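Keep in mind it's a predicted model, so treat the numbers as computed, not measured. Letters A, B, ... mirror the listed sequences (proteins, then strands); counts begin at 1.
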Number of protein chains: 4
Amino acid sequence: MTTGSVSPRRADTRRNHERILATAAKSLAGSGEVSFNAIAKQAEVGVGTVYRHFPTPEALILAVYEREVRQLVDIVPILLEKHSPEQAFRKWTTDHLAHYMMTKRGLADALRAVTSSRGELPAGAYEAMVGAVFTLLKANVDAGTVRSDLKPETVLRGLGGLLYLDPNGEWRRDVADLLDLLWRGMGTCRS
Amino acid sequence: MTTGSVSPRRADTRRNHERILATAAKSLAGSGEVSFNAIAKQAEVGVGTVYRHFPTPEALILAVYEREVRQLVDIVPILLEKHSPEQAFRKWTTDHLAHYMMTKRGLADALRAVTSSRGELPAGAYEAMVGAVFTLLKANVDAGTVRSDLKPETVLRGLGGLLYLDPNGEWRRDVADLLDLLWRGMGTCRS
Amino acid sequence: MTTGSVSPRRADTRRNHERILATAAKSLAGSGEVSFNAIAKQAEVGVGTVYRHFPTPEALILAVYEREVRQLVDIVPILLEKHSPEQAFRKWTTDHLAHYMMTKRGLADALRAVTSSRGELPAGAYEAMVGAVFTLLKANVDAGTVRSDLKPETVLRGLGGLLYLDPNGEWRRDVADLLDLLWRGMGTCRS
Amino acid sequence: MTTGSVSPRRADTRRNHERILATAAKSLAGSGEVSFNAIAKQAEVGVGTVYRHFPTPEALILAVYEREVRQLVDIVPILLEKHSPEQAFRKWTTDHLAHYMMTKRGLADALRAVTSSRGELPAGAYEAMVGAVFTLLKANVDAGTVRSDLKPETVLRGLGGLLYLDPNGEWRRDVADLLDLLWRGMGTCRS
DNA sequence: CATGAATGAGTCTTCATTCAT
DNA sequence: AATGAATGAAGACTCATTCAT
């Protein structure tokens with residue numbers, strides 16, 4: 001048994017983990033409902049297996065959330081490499097955040113339900129989001145396109161409305177409008 | 001039965017309607033859960049009665065939503081009478097909208113669940129909200145405090161992040177920060 | 001609607017109550033298991049109905065227990081009318097208590113499980129049993145067949161072993177043996 | 001592999017056996033619930049190991065039961081050495097049997113559930129208990145404190161009520177009362 | 001119209017048991 | 001032999017909905 005090889009059992013286990021997570025993500029993106037039984041069926045595993053991997057609904061939802069957020073956050077540096085700071089900000093917001101928010105409404109609801117019940121939010125993930133915005137802001141501040149006294153939290157909050165985009169409408173225009181508004185407010189203009 | 005005369009029966013009926021609505025509102029403000037049976041019990045009516053007034057969960061939730069929105073909207077003219085346009089805008093946002101959003105999260109969730117499942121949103125209520133913002137904007141445009149090319153929808157979207165305020169934190173400061181950002185973007189400052 | 005007549009609905013309700021109780025009694029007599037689902041199926045009612053009548057397993061078990069005990073207790077005066085005090089005591093023990101205990105082992109277990117979990121025993125029923133024994137004792141004391149310083153609780157405890165009778169063996173003889181032993185101890189024989 | 005030699009493997013195996021038994025005993029003393037998985041976890045072995053040692057729940061429960069009974073039985077000769085026959089009987093009953101029964105209710109329940117379901121009782125263990133009582137009785141008969149025509153089974157049955165002692169009440173007094181009653185019945189008094 | 005009992009589908013959760021490693 | 005992941009049957013419980021009164 002070489003180091004690289006992993007026992008089939010372990011392989012199954014890992015695959016199950018991933019499968020469950022993926023299935024749950026799909027469910028949450030849609031209705032915001034998570035039925036452990038339904039997920040088990042869709043993921044083609046036993047209910048017990050789901051419970052083994054995620055003892056509580058919270059554990060599952062949080063795991064899904066962190067997975068999604070990670071993807072969002074990891075894209076920032078890539079965007080900054082390829083685009084000007086301003087373009088990076090606009091692209092991230094429009095092409096990634098907006099899209100994410102439109103499709104993950106159920107997740108947001110589930111997340112809120114879960115975290116509010118226990119008062120604990122997935123701090124790490126929130127921090128990560130703030131960090132992503134911070135990075136984008138920093139690049140823009142350095143480029144002189146944005147004033148330096150902005151809190152990333154505030155900007156993120158300003159983007160919160162993206163959750164209510166209508167996927168079947170002219171959402172790109174709506175995002176652009178919101179970005180124009182915010183960008184103006186973020187600018188170095190007098191006052 | 002002429003318009004003016006109302007049978008005692010009708011009076012009861014109306015009271016029931018109001019009772020159910022109030023009870024449901026309370027429930028939705030909290031957990032976002034609505035059990036028809038539970039609501040019936042709290043409102044001290046039979047389940048059947050709830051069904052008679054609101055044939056489906058959607059009907060109930062929408063009714064609650066419209067009731068809440070109406071209160072929010074009705075306040076605008078009053079604020080505009082007592083305060084400067086800018087102050088009215090800030091007051092409405094901070095003292096009413098933010099408070100409303102913080103306490104009504106459950107309603108927002110329920111509303112989304114309901115509307116997304118059937119694709120129908122309570123257009124009237126949304127229009128009313130947009131109308132409220134429009135009124136506030138108009139007053140400010142007339143006063144020269146805000147530029148004239150703003151769509152109320154955009155501003156409303158910018159305020160969407162208020163949904164994620166932390167009632168146990170320094171939410172007033174957070175609101176102020178967001179308002180500062182938006183207000184700057186709304187101003188007449190050159191491009 | 002005359003006083004005597006009861007609406008069909010009510011009739012159903014009552015019948016359900018009785019049915020559930022009877023079914024549960026049968027179940028408990030056997031395995032000591034009470035599956036709400038199983039009981040519902042056997043009683044030919046919905047699960048929800050069982051829950052409506054008995055919100056918790058405890059409620060159900062206690063109800064069954066009290067029903068059984070009542071039968072046991074109610075027989076005492078009848079026996080005392082027809083038989084001598086001694087015969088009444090022997091008959092009650094052998095023909096009723098022993099039979100009851102042999103068939104209701106499951107109930108005893110369930111009862112213990114239920115009461116120990118909450119520390120509350122169905123005091124009323126226990127008192128009733130003690131009362132039954134007291135009545136029997138009293139009659140015997142008056143008849144001079146038994147000494148007067150016996151606590152009914154002690155005698156009842158002495159009869160506790162009847163729970164372990166073997167229904168497929170010579171249990172009558174075993175009961176007789178135990179009764180002989182106890183009766184001797186209960187007698188007015190010198191110290 | 002000769003009888004004397006024991007491989008380290010075997011040592012582990014034995015230790016596991018004992019561990020599982022001890023853990024199960026503890027569990028059974030408490031709630032009467034035995035989850036193989038839970039026992040495995042507490043005993044710090046895999047579930048499979050538990051199954052290897054005890055193929056069925058019955059096997060486990062019976063093993064525990066026999067272990068407990070053995071302890072009870074083994075004490076009798078020791079008591080008889082140190083005390084008078086009467087004292088030995090009283091001490092055994094009060095200090096060992098009563099205590100055992102109070103703390104092992106769960107075991108009794110489990111045992112009954114198990115044996116009644118399959119109709120097989122742990123004959124050996126029962127015989128052992130009867131034997132213990134027989135020994136105590138014999139000593140007393142020889143000492144003239146007890147009549148000679150008593151069946152140990154009957155006396156044991158008379159002690160059966162000890163199962164219902166209240167550990168949080170004046171159980172010692174209750175035991176004493178029961179013993180007084182029985183002892184009187186066991187005596188050589190006339191008739 | 002109002003009432004609330006009945007129904008049963010569906011979710012949550014636990015556990016005995018199997019079996020690949 | 002030991003381990004523990006996977007499985008799924010089974011029981012507890014909730015709640016939307018119907019319908020007799």
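- Annotation: proximity of residues 44-53 of chain B to DNA chain F (heavy atom, distance under 4.0 Å) is found for V47(B), Y51(B), numbered in ascending order.
- Annotation: of the two residues near DNA chain E, V34(A) and A38(D), the 5′-most nearest-nucleotide partner is V34(A).
- Distances shorter than 4.0 Å separate some side-chain N or O of S35(A) from OP1 or OP2 on dC12(E).
- In this structure, CG in L28(C) is found 5.5 Å from CD1 in I61(C), a value given to the nearest 0.5 Å.
- Checking side-chain atoms of T23(D) against main-chain N and O of R19(D) turns up a donor-acceptor pair under 3.5 Å.
- Between the CZ atom of R14(D) and the C1' atom of dA2(F) there is a distance of 18 Å, rounded to whole Å.
- Closest to the side chain of N37(C), out of dC12(E), dC13(F), dT17(E), is dC13(F).
- Rounding to whole angstrom units, CD of residue E58(B) and C1' of dT17(F) are separated by 14 Å.
- Remark: DNA chain F takes part in the stems E:2-21 with F:2-21, each of 3 or more antiparallel Watson-Crick or G-U pairs, criterion distances under 3.5 Å.
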- Task: Test S35(D) against K41(D) for side chain to side chain contact (heavy atoms under 4.5 Å, CB included), laying out the working first.
- Result: CA-CA 10 Å; S35(D) 156; K41(D) 191 157 289 177; over 6 Å; no
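- The two residues V69(B) and A125(B) make their nearest non-hydrogen contact at CG1-O, 3.7 Å.
- Here dA6(F) presents its C1' atom at 15 Å from NE2 of H17(A), a figure rounded to the nearest Å.
- Taking for each of P55(A) and T56(D) the nucleotide of DNA chain E with the nearest heavy atom, the 5'-most of the two is the partner of P55(A).
- Per the geometry, NZ belonging to K41(A) stands 10 Å off P belonging to dG10(E), to the nearest Å.
- Separating the CD1 atom of I39(A) from the C1' atom of dT13(E) is a distance of 15 Å, rounded to the nearest angstrom.
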- Task: Report the C-alpha separation of Y164(D) and L163(C) in whole Å, then their side-chain angles, then the decisive distance to 0.1 Å, and conclude whether the side chain to side chain contact (heavy atoms under 4.5 Å, CB included) test is met.
- Result: CA-CA 11 Å; Y164(D) 303 102; L163(C) 214 40; 2.2 Å; yes
- Could you go step by step and tell me if N16(C) and V50(C) meet the side chain to side chain contact (heavy atoms under 4.5 Å, CB included) rule? CA-CA 8 Å; N16(C) 278 342; V50(C) 181; over 6 Å; no
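- When all heavy atoms of T13(A) and H53(A) are compared, the pair lying nearest together is O-CE1, 3.6 Å.
- Residues A63(C) and F54(C) share a closest heavy-atom pair of CB-CE2, 3.7 Å.
- Here the closest heavy-atom approach between residue E68(D) and residue L107(D) is recorded as CG-CD2, 3.8 Å.
- Distances shown here put a side-chain N or O of N16(A) below 4.0 Å from the OP1 or OP2 atom of dA6(F).
- R15(C) has its CZ atom 11 Å from the P atom of dA6(E), to the nearest Å.
- Considering only the side chain of P57(A), dT13(E) comes nearest among dA2(F), dA6(E), dT13(E).
- Counting to the nearest Å, the C1' atom of dC1(E) and the CD1 atom of I20(B) are 12 Å from each other.
- Between the CZ atom of F54(C) and the P atom of dA6(E) there is a distance of 11 Å, given to the nearest Å.
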